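Shown next, in structure tokens, is the structure this report addresses.
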Number of protein chains: 2
Amino acid sequence: MRLMVDLARHWGQGTVSLHAVAEREDLPEAYLEQLVAALRKAGLVNGKRGAGGGYILAREPRAITAGDVVRALEGPIEPQICTAEGDPVLNCVREQDCGTRAVWLRLQTSIASALDGMNLAELARPTRREGARSG
Amino acid sequence: MRLMVDLARHWGQGTVSLHAVAEREDLPEAYLEQLVAALRKAGLVNGKRGAGGGYILAREPRAITAGDVVRALEGPIEPQICTAEGDPVLNCVREQDCGTRAVWLRLQTSIASALDGMNLAELARPTRREGARSG
DNA sequence: GGATTTCCGAGCACTTCACTCGGAATTCTA
DNA sequence: TAGAATTCCGAGTGAAGTGCTCGGAAATCC
């Protein structure tokens, strides 16, 4: 997440090397390398090799949501196996008598809409410590 | 969760043994034993020993939320360390420049209100497969 | 006294998470 | 064309969490 926000902050300035991000965000470069691979496979960033190379967001910041990032790194949002995102087929056998499932379904919706409602452009703006708006 | 909903369904019928719950919900009894210990320590259920004993909800079903259960079993709701629930002191050092924190704060609020908005009385009602209401 | 049931602590296989390491391929620059 | 910078790739590791088992002690009822 910090990586993506950092890239968003440098949107329009060409590619950014992981080395630079690692320094600014105080994160291990080798680890970022691994994370960015997943982001690249998900089509959220493009990499350019060689000296002066680096990474750049594949779309403009406001067209990438926190949900995109989370899904790229951690897979579909499903608090329980019986609520596979967008795949009602995998759903649990006990449906009929299991009030519990309603919990995970509502939770899933809630998480997804919270994450999908924040884009990188918003997050990249220099924070004036307000943090969360209610929701 | 299934355990608590099961107890809610038997509210008003005295104590319920884990053996019975395990059979109905098809869950290992020895495992439930361990979970219920945490629920008891959190004051959500009371246990009664001996033959004919069992567990009973400590409060009426509608006064126990899914959030209560989750917190009892998994601790405070905090998607990241920098957003310790109800303890702003533990918050991350980078606050000022880290747009990322807003993500976890909003997510936390969203999760908490989704879970706190469902009580056991609602969940215990026999489901007519509607599952989640939007939210 | 014996059956039932809660209570308690320890342990275990599996997975995930954050992270490291070594090295190959590509690209720019001197 | 050499060498530095950088992405790309696969494998491995330590700590923690999750779902679960096991053995046994204490309480309570008949």
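The basis for the numbers below is simple: all heavy atoms, side chains too, and nothing from hydrogens, waters or symmetry mates. What you see is a predicted model, and the numbers here were worked out from it, not measured in a lab.
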Sequence neighbours excluded and cut-off under 3.5 Å, please list the side-chain donor-acceptor pairs for residues 55-67 of chain A, or say none.
from, atom 1, to, atom 2, distance (Å)
A:R59, NE, A:A63, O, 3.2
A:R59, NH2, A:A63, O, 3.2
A:R59, NH2, A:D68, OD2, 3.3
A:E60, OE2, A:R62, NE, 3.4
A:T65, OG1, A:G67, N, 3.2
A:T65, OG1, A:D68, N, 3.0
A:T65, OG1, A:D68, OD2, 3.4

Taking heavy atoms of chain A and a 4.0 Å limit, find me the 5'-most and 3'-most nucleotide of DNA chain C within that range. C:dA18 to C:dC28
So do the side chains of B:L44 and B:R71 get within less than 4.5 Å of each other, counting heavy atoms only? no
With the side chain counted from C-beta on, respond yes when B:I111 and B:Q108 share a heavy-atom pair under 4.5 Å apart, and no when they do not. no
Counting C-beta onward and ignoring hydrogens, is there a side-chain heavy-atom pair between A:R106 and A:T109 closer than 4.5 Å? no
Student check: side-chain heavy atoms of A:M1 and A:L73 closer than 4.5 Å: no
Closest non-hydrogen atom pair, A:T15 against A:G52: OG1-O, 3.4 Å
Using nucleotides 26-28 of chain D, report all nitrogen or oxygen pairs with the protein that are shorter than 3.5 Å.
from, atom 1, to, atom 2, distance (Å)
D:dA27, O4', B:R49, NH1, 3.0
D:dT28, O2, B:A51, N, 3.2

State, yes or no, whether a side-chain contact exists between A:R101 and B:R2 at a heavy-atom distance under 4.5 Å. no
Answer whether the closest heavy-atom distance between the side chains of B:V21 and B:V16 falls below 4.5 Å. yes
pair A:V45-A:M4: side-chain heavy atoms closer than 4.5 Å: yes
With five pairs defining each end axis, the helix from C:dG1-D:dC30 to C:dA30-D:dT1 comes out bent, to 10°, by 10°
Of all the heavy-atom pairs spanning A:V5 and A:A124, show the shortest one and how long it is. CG1-CA, 4.0 Å
Given atom CD1 of A:I56 and atom P of D:dT7, what is their separation to the nearest angstrom? 13 Å
Check whether any side-chain heavy atom of B:E25 sits under 4.5 Å from a side-chain heavy atom of B:L3, and report yes or no. no
Sugar-phosphate or base contact per nucleotide [nucleotides 16-21 of chain D; S, B, -; heavy atom under 4.0 Å]: ---BBB
For B:L18, which contact category applies under a 4.0 Å heavy-atom criterion: base, sugar-phosphate, or nothing? sugar-phosphate
Measure CD/A:E23 against C1'/D:dT6 and give the value in whole Å, please. 15 Å
What's the shortest heavy-atom distance between B:L123 and A:A102, and which atoms? CD2-CB, 4.3 Å
Distance in angstrom units between A:E33 CD and D:dA5 P, rounded: 15 Å
Name all pairs fulfilling the salt bridge (Lys or Arg N to Asp or Glu O under 4.0 Å) condition that reach into residues 28-50 of chain B, sequence neighbours left out, sorted by first residue then second. none
